[in-house]
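As the structure lists them, so they are numbered: ligands from 1, and atoms in each ligand from 1.
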Amino acid sequence: MKKIISSLLLLVASSSVMAELNIFACEPEWASLSQELGGDKVTVFSATTGLQDPHYIQARPSLIAKARRADLLVCTGAELESGWLPLLQRKAGNAAIQTGAAGHFMATDHVNLLEIPSSLDRSQGDVHAAGNPHIQTSPLAILQVAKALTLRMQALDANNADFYQQHWQGFSQRWQAAIERWQQQALPLKGSTAVVQHASWPYLFDWLNIVQVAVLERKSGVQPTVDDLNNVLKQLHVTPVKVVIHAAYQSPRATNWLVDKTSINKVTLPFTVGGNEQSNDLFSLFDNTIQHLLDANK
Ligand SMILES: [Zn+2]
């Protein structure tokens, strides 16, 4: 009995040494960033994988159980998770992660959003009514989020504030060096043109000066009709484009339709960590994304 108790105590002691913050990330990119910044002071769970559509997730009992124990929720915000996160927060009944609490962190609150509609319009199922939420496709946006997330971790776990500061400094140095390298590699993409299936990439395009000629989804999140696709096809007769891009988690049906009708190159981008085998952290995500775009534009 004594032995069992002492090993239990050891277990409790070692788990508290291992992690001070229990983090529930809505998407893999924020799970990776939390891990980069938190090191062994955090335990990180990602609610979704890189092959799931983050706009449409079920608030499953297993997710609710994880959210119940979380100290910090790290999600995209800007309504990306509006179909499932409010229900998850309600069912979890955890005051620490309710909207407005210190443990409620939305990445898009720390970045200037693109594609904000002049009026809020959810008609016809638009899933980007609050502006484009897909900020993780730009490493500049990730840097801004990382800085804000560090401050939040320091506020929630003040005992380890110095540790988080050191990790932030290490990460931001490596990340800024990587940004320089990616910008050099991506120089041939400057001014190149693309069609996209979903409006997933405005932040990536803004960063690398890629011109978006058309979006196959006339309304974000709504499958294009044949009329919509034919309109894009007409547009491409006027402005020829080399690539059509879709995210790995999406069915490429609309992209394939366009590829069949034209000589356009299809590009499947990882979109987030885990979107393909090579993209297993934030650094390899951008290595891989840029390599795919360079290959398709040759
Ligand atoms: Zn979207």
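If you look at the Zn ion (ligand 1), the protein N, O or S atoms less than 2.8 Å from it are His55 NE2, His128 NE2, His134 NE2, His198 NE2.
Ring centers of His246 and Phe271: at least 6.0 Å apart, outside the cut-off. When ring centroids are compared, His167 and Phe171 stay outside the 6.0 Å threshold. Taking the ring centroids of Trp168 and Trp175, they lie at or beyond the 6.0 Å cut-off.
The existence of a salt bridge linking Asp287 and Arg181 is confirmed by a sub-4.0 Å separation between a basic side-chain nitrogen and an acidic carboxylate oxygen.
Taking the side-chain contact (heavy atoms from CB on, under 4.5 Å) definition, one finds that Gln166 meets it with nothing, sequence neighbours left out.
Between His198 and Val215 the shortest side-chain heavy-atom distance does not fall below 4.5 Å.
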